[in-house]
Amino acid sequence: MMTDEHPSFAHADRAPRTHRLRWPLQAQLLGPSIALVLLTTCLATGLTAAWTVRRVRQEQAQRLEQTAATLAEATFPLTARVLEQSRALSGAEFVILDADHAIAQSTLELPAADARVVAARLADQGPGPFADSFELDCARGRYLARAARLARQPTGDATILVVLQPRDELTAQIRQSVLPAILAGGLAAIISSAIASWLARRFTLPIRELVRQTAAISVGRFAPLPTPDRNDEFRDLAESINAMARRLASYEREVRQHERLRSMGELAGAMAHQLRNTAAGTRIAVELHQRRCLTAESDESLAVVLRQLRLMESFLRQFLAVDNHEPIELRSVDFGEIVADAVELVAPLFAHADVRLDTSQIEPARLLGDRESLHQLATNLLLNALEAARVESATAAEVRVELAASGEETGNLIVEDTGAGVPAAIAPRLFQSFVTTKRNGVGLGLYCAQQAAQRHGGSLRYERVAGRTRFVFEFPRVSQEHGARLSC
C-alpha cells in the first residue's frame with residue numbers, strides 16, 4: 001500500500017490553508033462585541049440627542065408663545081422702556097408694527113429691507129391669529145420669530161408684536177443639553193469596549209493554555225494542566241484533557257512494555273526452541289540407553305529423569321504456543337488417560353513438596369480434542385494447584401482431581417486445592433497473560449489453559465467453595481461409538 005502523496009497534490013491541498021489569513025478567536029469575539037456596543041451606544045445617544053433637540057425647540061417655542069401672548073394681552077402701553085425691560089428679562093428682541101406693517105417700536109435696529117421682510121412674512125399669513133413660530137434671516141443674524149396681534153393698546157397705531165429669539169442662543173441651549181448625552185454615550189462606549197476586551201482576553205486565555213497543553217501532548221509530554229478555579233466548561237475541558245493525557249501516558253508505558261516484551265519474547269522464543277530440541281534429544285538418548293541397558297529398566301532415577309525431561313518439554317511447548325492461534329486437529333481421545341498421564345508426570349513434584357494428591361475420582365471421558373493441548377491444560381492446572389497448596393501453612397496440604405460427567409453431553413475436570421485462594425485484585429484478570437501472584441511466576445499457565453479450553457469448545461472458570469479453590473474445565477463429551485466413527 002502506497003503511503004506517500006504526490007508533491008503537487010499535497011501542495012495543492014495545503015496551499016489554501018497556508019495563505020488563509022489568521023483570525024484569532026479574541027478578535028472574533030472582540031470585533032462583533034465592540035461593534036455591537038458602539039452601534040447600541042450611537043443609536044441610544046442619537047435618539048437621546050434628537051429627543052433633547054426636539055424638547056429644547058418645543059420649550060423655546062413655548063417661551064416665545066407665552067412671551068408674545070403675555071405682552072399682547074397687556075393693557076399698558078408697550079413703550080420703548082417696557083420693551084427694553086422685557087428684553088432684559090427674556091433675552092428676546094421685540095418689534096412692534098403699525099397697521100401698515102411699518103416699524104413703530106423696536107429693541108433691534110432693523111434695516112428697511114429687513115423690516116419689509118418681516119412685514120411681507122406677516123402679510124402672507126392673512127388676518128386672524130398668526131401661525132406658529134417661523135425662521136427669520138436678517139442682516140443682524142438668524143432669529144426664531146413669533147408674532148401676536150395687539151388688541152388692547154391705548155393707541156391704535158400698534159397692531160402687531162413680533163418677538164425675536166436669537167438663533168445662536170437656541171443653538172447654545174441645544175448644545176448645552178445634548179453635550180452631556182454625547183459625553184455619557186462616549187464614556188459608556190469606552191467602558192463597554194474595555195470590558196469587552198477584558199472578557200475576550202479572559203475567555204481566550206484558557207483556550208491558549210489548552211492549545212499549549214495539547215501541543216505538549218502531541219510531542220509526548222503528558223504533564224497535567226492546572227484546572228481553572230471557576231467551575232465551567234473550561235474546567236471540564238481541562239479535566240478531560242488531563243484524563244486524556246493520563247490515558248496516553250498509560251498507553252505509552254504499555255506500548256513500551258509491549259515492545260520490551262516482544263523483544264524479550266523473540267529472544268526467549270529462540271532460546272526455548274533450542275532448549276526444547278536439547279531436552280528432546282536428551283530424552284531420546286535416555287530412552288535409547290534404557291532399551292539397550294538391561295539394568296536401566298529397573299533404575300528409578302532414569303524414570304525420574306525421563307519425567308522431568310517430558311515436563312521440561314511440556315513447559316517449552318507451552319511457552320512457544322502462547323501466541324500460536326493456528327487451528328488444532330480434533331480427534332476422539334480419552335481425557336481420563338490424558339489426565340492420568342499428567343498426574344503421573346507431576347507426581348514426583350507433589351511428593352517432594354509433601355502435598356497429598358487425591359486422584360481417586362478420575363473416570364473415563366471422551367471428547368474431541370488435541371492430546372498434547374489437553375495434556376498441557378491438565379498439567380498447568382495441577383502445577384498451579386500444587387503452588388497454591390504448598391504455600392499454605394497448614395500441614396494437611398492437599399490437591400484433589402475429579403473427572404466425571406456433569407450432564408448428558410458435558411463433563412467436568414475439577415482441580416481443587418487447599419490454598420488461600422486468589423487475591424480479589426487479581427481475580428478479574430486471572431486468565432490474562434503475564435498475570436501471576438507467584439514471586440517467580442511468569443503468568444502463562446492459566447492463560448494457556450484457558451486458551452486450550454476455548455479451542456476445545458469448553459470453558460475454564462475459577463471458584464471458591466468451602467474454603468477451597470477450584471478450577472473447573474467444562475467440556476463437551478462424545479460417546480465412544482461417535483468417537484470411533486470420527487477416528488475412522
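Side chain of His456 to main chain of Asp370: a donor-acceptor pair is present (N/O by atom type, distance under 3.5 Å, no hydrogens or angles). Within the 3.5 Å criterion, the main-chain N or O of Val422 finds a donor-acceptor partner in the side chain of Tyr462. Between the side chain of Arg87 and the main chain of Ala92, no donor-acceptor pair closer than 3.5 Å is present. Panel note: side chain Ser250, backbone Arg246; no donor-acceptor pair is recorded below 3.5 Å. In this structure, Thr107 contributes its side chain and Glu84 its backbone to no donor-acceptor pair below 3.5 Å.
Between Ala145 and Leu164, the shortest heavy-atom distance links the atoms CB-CD2, 3.3 Å. The shortest non-hydrogen separation linking Leu374 to Gly369 is CD1-CA, 4.2 Å. The two residues Ser459 and Ala453 have their closest heavy-atom pair at C-CB, 4.2 Å. Nearest heavy-atom pair across Leu71 and Ser86 is CD2-OG, 4.0 Å. The nearest pair of heavy atoms linking Leu386 to Val399 is N-CG2, 4.2 Å. Taking every heavy atom of both residues into account, Val415 and Ala385 meet most closely at CG1-CB, 3.7 Å.
Taken to the nearest 0.5 Å, the OG1 atom of Thr469 stands 4.5 Å off from the CG atom of Asp417. Expressed to the nearest 0.5 Å, how far CG of Leu368 lies from CZ of Arg477 amounts to 12.5 Å. Atom CG in Asn380 sits 8.0 Å away from atom CG in Asn384 (nearest 0.5 Å). To the nearest 0.5 Å, the span separating CZ on Arg247 from CG on Asn242 amounts to 10.5 Å. Atoms CG and CZ, from Leu161 and Phe94 in turn, are 7.0 Å apart once rounded to the nearest 0.5 Å. Rounded to the nearest 0.5 angstrom, Leu47 CG and Cys42 SG are separated by 11.0 Å.
A heavy-atom distance below 4.5 Å is not found between the side chains of Gln376 and Cys448. Looking at heavy atoms from C-beta onward, Thr40 lies in side-chain contact with Leu36 at the 4.5 angstrom threshold. Between Val163 and Leu144 the shortest side-chain heavy-atom distance does not fall below 4.5 Å. Residues Thr418 and Arg400 form no side-chain contact, since every pair of their non-hydrogen atoms from C-beta on lies 4.5 Å or further apart.
Taking a 6.0 Å sphere around CD of Glu409, one finds it holds 12 or fewer heavy atoms contributed by other residues, nucleotides or ligands. Residue Tyr251 qualifies as open at atom OH: its count of foreign heavy atoms under 6.0 Å is 12 or below.
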Begin with the C-alpha distance, continue with both residues' side-chain angles, and end with the deciding distance and a verdict on side-chain contact (heavy atoms from CB on, under 4.5 Å) for Tyr143 and Val162.
CA-CA 11 Å; Tyr143 295 91; Val162 181; over 6 Å; no

From CA spacing to verdict: side-chain contact (heavy atoms from CB on, under 4.5 Å), Leu460, Leu377:
CA-CA 10 Å; Leu460 180 62; Leu377 183 151; 5.7 Å; no

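Considering Arg461, Arg464, Glu416 in turn, Glu416 is the only one that fulfils the side chain to side chain contact (heavy atoms under 4.5 Å, CB included) rule with Arg470.
The aromatic rings of Phe475 and Phe335 stand perpendicular to each other, their planes meeting at an angle above 60°, with 30° marking the opposite boundary.
One side chain, Thr410 or Ser406, offers a donor N or O that lies under 3.5 Å from an acceptor on the other.
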